[in-house]
There are 2 protein chains.
Amino acid sequence: MDNQQIKGAGLKVTRPRAKVLSVLQGSRRRHLSAEDVYKELLINGEDVGLATVYRVLTQFEEAGLVCRRHFETGQSVFEINRGEHHDHLVCIRCNRVVEFADALIEERQRAIAAQHGFRIEDHALVIYGVCAGCAKE
Amino acid sequence: MDNQQIKGAGLKVTRPRAKVLSVLQGSRRRHLSAEDVYKELLINGEDVGLATVYRVLTQFEEAGLVCRRHFETGQSVFEINRGEHHDHLVCIRCNRVVEFADALIEERQRAIAAQHGFRIEDHALVIYGVCAGCAKE
DNA sequence: AACAAGATGCGAAAGCTTCCCACTCGTTCG
DNA sequence: CGAACGAGTGGGAAGCTTTCGCATCTTGTT
C-alpha cells in the first residue's frame, strides 16, 4: 500500500501526501512537473496548495521515492523512482520522453570520474532530438 | 581580433558586446553565469545593464560563439565555444568543473537515438560528484 | 555630418519555486 | 477514546533568474 512508502520515509500519512503519490503512480505520463501534479489534484477535487505540492515532492525526493529531473524546459519534472537508473531522450518538438539505460555508457562514466579523482554522486544524460513522429511533419 | 567574431555573427560591434566577449575569454574560470559576467564588468568600471548581458549572451549563443549549460545550480552558465564538443564533471561541493570528451559514449548515444527513431540535435551529459580536493576535507 | 536601424539601460514583469505564519490535522500517550 | 503536541497545510507574499518594453543613445552607412 502507498501509505507504507510514506511512513517508511518518516513522514506522516496525510491526505495531500497520499494524493500526490497516487497521481505520480497513476499518471499515464511518467514525467510530471509540480504544476502538472497540482492541476491533476484540482481536477480530482482535492483542495491542496501549490506550495504543498512542491514541499511534498521535495520530501519524496529526499526520501528516494521520486527523482527530480532538470530538462531544459525551465521547470523540474518528477517521476517515481523504480530503483533502476536510466537516462532520457527528449523530443524538442513534442516533449516526448523516452527512457533508456546503457551499461557501456555507465561503465565509461565510472572510468572517467575515477580518472579525474571524482567520486560519482549522480549523473544526468539527456539527449535532445526530434522523434520519428515529429520528423515527419 | 575579437571584433571580427562579433561582426561575423551579423552583430554590430558595440562596447557591451566586445566587453562581454573579452570577459568570457579572459576569465580564469571557463564557466560563468550571466551574473558573474555582469559583476566582472562592473568591477572593470563598465556601465552595462544586466539585461544587456543576458541579451548579448543569448545572441552569442545563437551565433555559436558561446555555449549555454544548464547544471543543476539554478542558473545557466556560459563558456566560449571552442568547437569541440565535450561533457562535464561537476563537483557538488566546490562547483569545480572538469571537461571531458569520450568517443565511445558519443558513439553509443548515436546508436541509442537511432534505435528510438530520434534525430539528435544536442545532448548534455553531466556527472555530479565530489572531487579529490573536497573528498579529503 | 546626418540618418535609419539596431543596441542599450532601466525598471517592470514573468515564471518557477520557496518562505512565512496562523490554522488544522495525525499520532501518541494517558 | 480523547487530549495535547508537534508536524503539516494553504494562501499569499517574496525570492531568484531571466525577459520585456520603451525612451534614449550608437553604430555603420550614405
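Atom-to-atom, CZ of A:F60 to P of D:dG8 comes out at 11 Å; the value is rounded to the nearest Å. Across the protein-nucleic acid pair, B:I6 atom CD1 and C:dA7 atom C1' stand 13 Å apart, rounded to whole Å. Atoms CG (B:D36) and C1' (D:dT18) sit 15 Å apart, rounded to a whole Å. Straight-line distance from the OH atom of A:Y38 to the P atom of D:dT9: 15 Å, rounded to whole Å. Counting to the nearest Å, the C1' atom of D:dT18 and the CD atom of A:E72 are 15 Å from each other. Atom pair A:L50:CG and D:dA13:P shows a separation of 15 Å (rounding to whole Å applied). The distance from atom CD of A:E35 to atom P of C:dG15 is 11 Å, rounded to the nearest whole Å. Between the P atom of C:dG6 and the CD atom of B:E62 lies a distance of 15 Å, rounded to the nearest Å.
A donor and an acceptor atom never sit less than 3.5 Å apart when one is taken from the side chain of A:R17 and the other from the base of C:dG26. Judged by distance alone, with hydrogens and angles left aside, A:R55 brings a side-chain donor or acceptor within reach of the base of D:dG10, the pair sitting under 3.5 Å.
A salt bridge does not link A:R68 to B:E72: none of the charged side-chain nitrogens sits closer than 4.0 Å to a carboxylate oxygen. Ion pair B:R108/A:E107 not flagged as a salt bridge, since none of the NZ, NE, NH1 or NH2 atoms sits closer than 4.0 Å to an Asp/Glu carboxylate oxygen.
With distances taken from any side-chain atom of B:D47 to the nucleotides C:dC10, C:dA7, C:dT8, the minimum falls on C:dC10. The nucleotide whose nearest atom lies closest to any side-chain atom of A:T58 is, among D:dT17, D:dG28, C:dT18, C:dT18. Counting only heavy atoms from C-beta on, A:S76 has its side chain closest to C:dT17 among C:dT8, D:dT9, C:dT17. The listed nucleotides are C:dA7, D:dT19, D:dG28; the one nearest the side chain of B:Y54 is D:dT19.
Looking at B:T52 and B:R55, their side chains do bring a donor and an acceptor atom within 3.5 Å of each other.
In terms of position on DNA chain D, the residue among B:L11 and A:R15 whose nearest nucleotide sits closer to the 5' end is A:R15. Both B:V77 and A:K12 lie close to DNA chain D; mapped to their nearest nucleotides by heavy-atom distance, the more 5′-ward contact belongs to A:K12.
In this structure the side chain of A:D36 reaches within 4.5 angstrom of the side chain of A:R29, judged on heavy atoms. With contacts defined as side-chain heavy-atom distances shorter than 4.5 Å, the pair A:D87/B:L125 does not qualify.
Using a 4.0 Å heavy-atom distance criterion, B:T14 is classed as a sugar-phosphate-only contact.
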